[in-house]
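I have placed the structure first, in the form of structure tokens, so that the comments after it can refer back to it.
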Amino acid sequence: MSSSTNGNSQRPVIEVDDVVHSFKGRRALDHVSFKVMPQSLHGFVGPNGAGKTTSLKIICTLLRPQFGIVKVFGHDVVDEQKMVRRKIGFMPDHFSTYRQMTVYEYLDFFAAAYGLPFAQRTRVIDEVLALTDMEGRKNDLISGLSRGMQQRTSLARVLVNDPDLLLLDEPASGLDPRARIELMEILKALRSMGKTIFISSHILPELAELCDAVTIIDKGKVMYSGSMSGLQASTNEHPTWRVTLGSEVDRIVDRMKGLHGVVDADQVEGRPEYRVSYDWTATDTNTLLRGLLDLGVPIVGFAEDKRHLNDAFMDLTTKGVK
Ligand SMILES: Nc1ncnc2c1ncn2[C@@H]1O[C@H](COP(=O)(O)OP(=O)(O)O)[C@@H](O)[C@H]1O
Ligand SMILES: [Mg+2]
């Protein structure tokens with residue numbers, strides 16, 4: 001199984017090597033191994049109960065692995081707990097207590113816990129509020145915030161000690177589509193600042209847009225770990241593109257089907273929009289687009305259809321569970 005996210009020889013930020021962990025004799029993690037490379041946005045995807053939270057707790061030193069080795073920035077999570085904690089920020093999957101504090105009080109509490117002196121705390125809190133687009137909310141009670149705002153407050157808290165690695169446990173779950181998009185934009189900005197982000201979700205398409213690498217886990221076993229494009233290639237799913245035309249064109253579906261490497265084409269809901277799939281062993285996206293242009297049709301949109309990734313995910317994880 002491929003576990004490298006890119007071709008470089010940089011040291012991974014997270015190295016999970018052959019971890020086994022059981023609860024009351026039941027295996028939650030069954031020889032789990034994967035790597036997360038620096039400055040990547042790495043998705044950790046699997047159905048509920050797959051072992052995501054258990055893995056995250058081990059990586060962030062809250063749970064000691066019963067077997068196997070986990071290193072973060074080269075530091076062992078058991079022997080060098082303090083070194084690891086200094087460099088990471090963990091956002092758990094629920095917002096515990098503190099709900100009767102204001103956003104500012106909450107962040108100040110954690111900044112103080114990290115040992116930041118008073119004068120520095122004000123500046124740091126302003127910075128993390130700006131990063132999470134929460135400036136206007138600092139005097140609001142956490143209990144009165146929407147789920148999206150609470151998630152951003154939680155993310156702001158994680159940023160207080162300026163960690164190089166963010167570990168986020170299902171931060172997008174329960175968010176409406178708009179709040180989800182806003183959160184994803186914040187994560188992209190954080191990555192561009194050089195942070196490595198390891199983010200879990202039980203839905204692959206939620207992360208497909210965002211992540212450059214992904215690890216898929218099911219029933220405590222890693223089913224795939226590597227680049228997003230490698231995931232596509234490792235399945236039998238055909239890459240699919242949504243092609244939007246400026247107007248209806250006669251017999252266009254048949255003409256699209258006739259292009260080299262195209263395995264299927266169909267129209268979406270009576271609009272001049274088409275789903276075109278190709279065999280990635282026979283052609284590529286550039287050739288497909290060139291072929292479409294050669295048909296002389298007015299193309300106004302050309303975007304990857306991520307739905308096939310969900311099919312890939314379903315292929316790799318529990319079959320038959322509906
Ligand atoms: N503290 C615990 N005690 C007993 N079983 C647990 C505990 N934590 C997790 N598990 C079990 O371990 C498995 C993996 O759980 P978890 O890591 O929370 O999965 P995920 O986060 O992917 O939903 C599940 O079967 C879950 O019931
Ligand atoms: Mg979980």
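Counting starts at 1 for both ligands and their atoms, in listed order.
An N or O contact shorter than 3.5 Å is missing between Asn48 and ligand 1 by distance. Looking at Lys24 next to ligand 1, no N or O pair under 3.5 Å apart turns up. Checked against a 3.5 angstrom limit, the closest N/O atoms of Lys52 and ligand 1 fall inside it. Considering backbone and side-chain N/O of Gly51, one or more are found under 3.5 Å from N/O of ligand 1.
Between the side chains of Tyr278 and Thr240, no donor N or O sits under 3.5 Å from an acceptor N or O. In the model, His42 has a side-chain atom that pairs as donor or acceptor with a side-chain atom of Thr215 under 3.5 Å.
Under 2.8 Å from the Mg ion (ligand 2), one finds the following protein N/O/S atoms: Thr53 OG1.
At least one heavy atom of Gly49 sits under 4.0 Å from some atom of ligand 1.
Using modelled atom types, one side-chain atom of Ser33 and one backbone atom of Asp18 make a donor-acceptor pair closer than 3.5 Å.
Contact check on Asp76 versus Lys71 returns no salt bridge, with no Lys/Arg side-chain nitrogen under 4.0 Å from an Asp/Glu carboxylate oxygen. Between Arg123 and Asp126 no salt bridge is recorded (no basic side-chain N to carboxylate O distance below 4.0 Å).
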(message) Does Phe34 form a ring-ring contact (aromatic ring centres under 6.0 Å, His included) with Phe198? I'd like the steps, not just the answer.
(response) CA-CA 12 Å; Phe34 62 89; Phe198 187 57; 5.6 Å; yes
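Close contacts of ligand 1 with Ala50, meaning ligand atoms under 4.0 Å from a residue heavy atom, involve 19 (O), 20 (P), 22 (O). Here is the list of ligand 1 atoms found below 4.0 Å of a heavy atom in Arg26: 25 (O).
Distances from atom 18 (O) of ligand 1 to the heavy atoms of Thr53, Asp169, Val45 show the closest one on Thr53. Nearest-residue assignment for atom 17 (O) of ligand 1 (options Leu29, Leu56, Thr54; heavy-atom criterion): Thr54.
Evaluation of the salt bridge (Lys or Arg N to Asp or Glu O under 4.0 Å) test over residues 169-197, restricted to residues two or more places apart or in two chains, returns Lys52-Glu170, Arg152-Glu182, Asp162-Lys195, Arg178-Glu182, Arg180-Glu206, Glu185-Lys188, Arg191-Asp212.
Here the straight-line distance linking atom CZ of Phe109 with atom OG1 of Thr102 works out to 13.0 Å at 0.5 Å rounding.
For CZ of Arg147, the number of neighbouring non-hydrogen atoms (other residues, nucleotides, ligands) closer than 6.0 Å is greater than 12. Heavy atoms from other residues, nucleotides or ligands lying under 6.0 Å from CZ of Arg251 number 12 at most.
Linking Ile, Leu, Val, Met, Phe, Trp and Tyr residues whenever their side-chain heavy atoms come within less than 4.5 Å leaves Ile69 and Leu62 in two separate clusters.
Among protein heavy atoms, the minimum distance from atom 12 (O) of ligand 1 is reached at Ala28 CB, 3.4 Å. Nearest protein neighbour of atom 9 (C) of ligand 1, counting heavy atoms only, is Phe23 CE1, 3.4 Å.
Distance check for atom 27 (O) of ligand 1: every protein heavy atom is found at 4.0 Å or beyond.
What you find for Val77 and Thr61 is that their closest heavy atoms are O-CG2, 3.8 Å.
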